[in-house]
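These numbers were taken from a predicted model, which means no experiment stands behind them.
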Amino acid sequence: MPYWYKNNPSFGRIIVLRTILALTIILSAFTDILASHIVGGQLTYRYLGNNRYEIKLVVRRDCIHGSDTVPFDNPAIIGVFYNDEDKEKAFRVGNDGTFRFQRMNDDTLFERIDTICPSGYTPVCVHQSTYIDTVFIPFDERGYLLVYQRCCRNKTLDNIEQPAQTGMTLIANVTPLANNSPQFGDFPPIYTCLGAPFTFGHAATDPDGSGDSLVYSLYTPYQGKTFDDPAGRPDTPPYTQLLWKTGNGLGNLNGS
């Protein structure tokens, strides 16, 4: 019998340490079918008691240059892997080791640039879909990785190599040392003004109030699915980091 599936209250309580968020908020253009449109997302969870966890996935795409032929996943497929060296042998949900979440809603997020910057601009629109479901998670001292992958990023990005072939990977790290993932606030605004000071508080909170320390660092995002295989069951960890263009990197995200 598999150790991972929904609606089984017999499983013991698992405690959660933290979530590693592969979060990219990058806006640009889309032209090719099955090509670039992803602009960001996040994957988090909350402990609800009685071995139940609420998993929340948020996915964002460009809704001006994105194509209607590349809809949001429905269902979104979240892979389940042991967080150890033998990740492929995680206990399975169903037959393929995944949770499948139906889309809860999708919203088109417009911002009025003329209320932010005084000069001309190119319109930007973000389309956001949210997936929320409750699952039962058994205790295991190795912990788990919950993983969502999708292709592809906007093809006009100029700080990474082959953006239209580069997907996105979001990871939630579930371990037996705490019981909620950090919860982030709002996404950054869509527009910032050239030459103007810009500040955004990207802090998270610890929802269980247990006094856990929250530590932040920039990191190179992971690649995800590819142009030829844009969606479906996530690949087995470990994952490959995307390639920065020459002159770009963690110390110089946007070049000159």
Side-chain angles (χ1 to χ4, degrees), residues 2-6 16-26 30 32-45 53 55-61 66 70-103 129 131 133 135 137-138 140 142-155 157 160-175 181 218-244:
Y3 280 43
W4 274 81
Y5 58 96
K6 297 182 184 179
V16 178
L17 172 62
R18 60 192 174 94
T19 295
I20 300 173
L21 296 177
L23 173 64
T24 44
I25 310 298
I26 304 171
F30 173 98
D32 296 330
I33 293 176
L34 290 179
S36 48
H37 61 288
I38 292 292
V39 298
Q42 62 183 15
L43 178 61
T44 58
Y45 54 83
Y53 285 82
I55 311 298
K56 181 178 180 180
L57 170 67
V58 178
V59 181
R60 288 185 154 201
R61 71 173 184 174
V70 190
F72 282 110
D73 296 335
N74 197 25
I77 299 176
I78 297 175
V80 182
F81 304 94
Y82 277 139
N83 192 11
D84 67 359
E85 294 181 357
D86 203 9
K87 295 180 176 64
E88 179 62 21
K89 291 187 178 179
F91 287 117
R92 297 298 180 85
V93 181
N95 295 319
D96 63 351
T98 64
F99 293 128
R100 294 172 181 260
F101 288 4
Q102 299 297 315
R103 188 174 64 209
S129 277
Y131 306 80
D133 207 344
V135 298
I137 302 179
D140 192 284
R142 291 165 291 188
Y144 299 92
L145 296 179
L146 307 179
V147 182
Y148 173 76
Q149 290 186 317
R150 194 63 167 86
C151 193
C152 293
R153 300 170 191 262
N154 284 345
K155 67 180 296 181
L157 290 178
I160 68 172
E161 298 287 351
Q162 297 185 308
Q165 289 282 347
T166 302
M168 175 183 73
T169 296
L170 304 178
I171 302 173
N173 183 13
V174 182
T175 83
S181 66
L218 291 174
Y219 73 100
T220 298
Y222 295 120
Q223 299 182 37
K225 291 294 185 179
T226 65
F227 183 93
D228 295 325
D229 182 23
R233 183 179 186 270
D235 301 325
T236 302
Y239 302 115
T240 302
Q241 294 180 332
L242 58 72
L243 298 176
W244 297 102

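- Taken to the nearest 0.5 Å, the CG atom of Asp133 stands 9.0 Å off from the CD1 atom of Ile55.
- Electrostatic pairing of Arg103 and Asp73 does not count as a salt bridge here, judged by no charged N lying under 4.0 Å from a carboxylate O.
- When all heavy atoms of Leu57 and Leu170 are compared, the closest pair comes out as CD1-CD1, 3.7 Å.
- A side-chain donor-acceptor contact under 3.5 Å links Gln149 to the backbone of Asp235.
- Looking at every heavy atom in both residues, Ile77 comes nearest to Arg233 through CG2-CA, 3.9 Å.
- Counted within 6.0 Å of CD on Gln162, heavy atoms from surrounding residues, nucleotides or ligands total 12 or fewer; the atom is thus considered open.
- The distance from atom OH of Tyr131 to atom NZ of Lys56, rounded to the nearest 0.5 Å, is 13.5 Å.
- Using cut-offs of 30° and 60° on the angle between ring planes, the pair Phe101 and Phe99 is parallel.
- Contact annotation: the side chain of Val174 never approaches that of Asn83 to less than 4.5 Å [non-hydrogen atoms, C-beta and beyond].
- Residues Val80 and Thr98 have side chains not in contact (no heavy-atom distance under 4.5 Å, counting atoms from C-beta outward).
- Atoms CD1 and CZ, from Ile38 and Arg150 in turn, are 6.0 Å apart once rounded to the nearest 0.5 Å.
- Under a 3.5 Å cut-off, the side chain of Lys225 and the backbone N or O of Pro234 do not form any donor-acceptor pair.
- Residues Thr226 and Cys151 approach most closely at C-SG, 3.3 Å, considering heavy atoms.
- Remark: Leu157 CG to Thr166 OG1 distance equals 9.0 Å, nearest 0.5 Å.
- The two residues Asn173 and Leu145 come nearest to each other via the heavy atoms OD1-CD2, 3.7 Å.
- Gln241 places no side-chain N or O within 3.5 Å of a backbone atom of Tyr222 that could act as its donor or acceptor partner.
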After noting the C-alpha distance and the side-chain angles of Tyr144 and Tyr82, does the key distance pass the ring-ring contact (aromatic ring centres under 6.0 Å, His included) rule? CA-CA 4 Å; Tyr144 299 92; Tyr82 277 139; 5.5 Å; yes

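- To the nearest 0.5 Å, atom CZ of residue Phe72 and atom CZ of residue Arg60 are 9.5 Å apart.
- Rounded to the nearest 0.5 Å, atoms SG (Cys152) and CD (Gln165) are 6.0 Å apart.
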